[in-house]
Number of protein chains: 2
Amino acid sequence: MKKKITLKQIAKELDVSVSTVSKALSGSKEISEDTTQKIQAFAKLYNYKPNNIALSLKNRKTKTIGILIPEIVHHFFSTVIRGIERVANRRGYNVIVGLSNESFTKEIINMEMLANGSIDGFILSISKETLLKQDYHHFHATINQGMPIVMFDRVVDEVECDKVIVDDFIGAVKAVNKLIENNCKNVALITTMDYVSVGKLRTQGYLKAFEDHGMEANPNMILKIDDSLNVENHLELLEAEIAQFLKSNPSIDGLFAVNELYAVTAMKVAKKLGLKVPDDIQVIGFTDGVLSKHATPSLTTVSQHGQKMGEQAANLLIDRLEAEDAEGQQYFTNNDEKRDFIKLVIETEIIERESTK
Amino acid sequence: MKKKITLKQIAKELDVSVSTVSKALSGSKEISEDTTQKIQAFAKLYNYKPNNIALSLKNRKTKTIGILIPEIVHHFFSTVIRGIERVANRRGYNVIVGLSNESFTKEIINMEMLANGSIDGFILSISKETLLKQDYHHFHATINQGMPIVMFDRVVDEVECDKVIVDDFIGAVKAVNKLIENNCKNVALITTMDYVSVGKLRTQGYLKAFEDHGMEANPNMILKIDDSLNVENHLELLEAEIAQFLKSNPSIDGLFAVNELYAVTAMKVAKKLGLKVPDDIQVIGFTDGVLSKHATPSLTTVSQHGQKMGEQAANLLIDRLEAEDAEGQQYFTNNDEKRDFIKLVIETEIIERESTK
DNA sequence: ATTTTTAACGAAAACGTTTTCGTGTTAATA
DNA sequence: TATTAACACGAAAACGTTTTCGTTAAAAAT
């Protein structure tokens, strides 16, 4: 068991100083060719690699970025992570993951755990509980400590930072427009409670589409699901609620759901009620995940391009980190002139499949 | 923008030495009550938190564990991560994630990137390409450097380390047994190429079940999919292959697939061919993911308990890390008496749904 | 009154790097 | 020959901690 070798050990072994070894390895021409060769050979032989922690301490930057998301067993979030990891890796960064589990407290604990030097910046999506409480002090606190944050998907105006979101509003408009143009006379909506910002926006998009067509939305055609109780484990409840909804609104011939689970479940329920998809009822969901792709019939969805979101978020963060860097060199500044924060909007795209005509 | 405060700054501010501050904060009774109080108050006021990197360097351990998996947009792997994160967090560890993307090279790069001090140990699942190449030198190398590895799911005998796997073999046997006992006369198998160890084991389980029932397996009833080309993006190909398979074997009335995608796709194809599930053909998959749960009909599957695997893996790793620790204290040893490596087997469980009778 | 103990604190090393600034030797210049 | 320049290297500081070992002054014991 050969423990990793350090500069000091190389130095002792070769009877030179630590500084000489360091310089030789970085190819400084301060060191003679002979010694350089000797040292490099030795280092290669013992597979020397500089210790990351020591470098982090010295450089006061860790080259790792922290991801903080509500849940990882979730197609959308995992695609975002994949996107982040991709550009992070390409740009020489590592990625450390924290899970809030939709809990306010766990979000805070995780942030504090990571904010103490372990990472250079955050990429996060706010937990539902935090959204509900509207308590954002922990975000402000870490930003004030000089640690940049990039928020994605579930963002909030109260926090000043870079953001990357999907145009939930327009996406919803497009989806509902499509249904209306496909000759649906009664387009219903299945959505979440309003405190989840994205649910709210998608609902507004639904309403806007009606308005654009000079139609009036019927409140009875809107089903709000309370997903405070974990839906995944209470599928029957969800199904029952949707069945009830569909039965009491038999005229529904088009359906827009704010996530794919609702959409797929609705299709399932519709089929059980003897409705044909898409002949009797057309369905569009939001979030293009596995379910949409593999459902029967496969589901037309509004794609969020999670991976792209992740990539953009990572680029935003790293850009800012490296800008700070360069800046710090020049004038050691407390320039409080508010730097502009960027809000990137990723365009949605409707992926047409079998659940619409 | 208040940058994080350090011991040194506190010391200067309060006109004491750094050591005094450190001791006071840790409640050492070497320091008088007065000064302790003063220092603690000041520290709390400025929200002092020790710098993790500095601690890591000093203690020569980072309290973070590295996860290296082939893919993250994958229900099984993300449940495993969730499990790891759960116990890691509970036991005071962080989690850093690397993605190999099923690539041998990326696996190596990622390992090297993390092995240089960033983490205390690995939890990983081997990439397909590595499995194919059968080149495990990078695992041996990092183990030799004294960094423990725990492998899960895709493991390999050639590497000596802790492992946690699912009883793929028995799981498959159970599944096929169930089909046979449900009166299927011709149970088919859809599997992967043999180099993916789990696919191989599940195939063997299929064969064993036949043997147990005194039946002979028919090679024509086994479809081996070459998933070297990314199946997710070539769904039509997969469907075509399965359709061809089902058509040329019309007697099939039971089907076991080594993953849920194959199973769900097979159900889809079967339905298109006019077969009723489960009346004409019963289907069981492996891996209990979203697809299984939400397919219509919902899919009976062999559950792998990914979260549990993750939890166990994390516990194994941390146990070993902390054992090393305690040991290192006592005798500064190169005790090469081989420490026993543990291989945990997580029991599978058949989750019955609508695709079987 | 002298020695010993105790209390309260500080100096310095160590973890593994990089980098700045010397410093001594040799070679080139005046 | 005396001065300067170039070369090759080492010492030390710094990043932020913790911990060991002094050290000083006061309190206790002799």
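To find a chain, count down the sequence lines: A is the first, B the second, and so on, and within it residues start at 1. Only a predicted model underlies this, so the values are computations on that prediction, with no experimental measurement involved. Computed over heavy atoms, backbone and side chain alike; hydrogens, waters and symmetry mates excluded.
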Measure CG/B:Leu25 against P/C:dC9 and give the value in whole Å, please.
14 Å

Any donor and acceptor pair, going by atom type alone, linking the side chain of A:Glu158 with main-chain N or O of A:Tyr136 inside 3.5 Å?
no

Rounded interatomic separation in angstrom, taking CG from A:Asp34 and P from D:dA8:
9 Å

Nearest whole angstrom, please: distance from the P of C:dA7 to the CD1 of B:Ile31.
13 Å

Between D:dC9 atom P and A:Leu14 atom CG, what is the distance in whole Å?
11 Å

For a quick check of understanding: with a heavy-atom distance under 4.0 Å over all strands, which category does A:Thr35 fall into, base, sugar-phosphate or nothing?
sugar-phosphate

For D:dC9, does OP1 or OP2 lie under 4.0 Å from any side-chain N or O of A:Ser32?
yes

Quick one: list whatever passes salt bridge (charged side-chain N to carboxylate O under 4.0 Å, His left out) with B:Asp319, sequence neighbours left out.
B:Arg91

Which of B:Lys133, B:His137, B:His138 passes side chain to side chain donor-acceptor pair (under 3.5 Å) with B:Asp135? Answer is B:His137

For nucleotides 16-22 of chain D, read 5' to 3', which letter fits each nucleotide if B means a protein heavy atom sits under 4.0 Å from the base, S means only the sugar-phosphate is that close, and - means neither?
BBBBBB-

Is the backbone N or O of A:Val16 less than 3.5 Å from a side-chain atom of A:Thr20, with the two atoms forming a donor-acceptor pair by type?
no

Between B:Glu102 and B:Arg154, is there a salt bridge with N-O shorter than 4.0 Å?
yes

Looking at B:Val150, is its backbone amide N or carbonyl O close enough to the side chain of B:Asp162 to form a donor-acceptor pair, meaning the two atoms are under 3.5 Å apart?
no

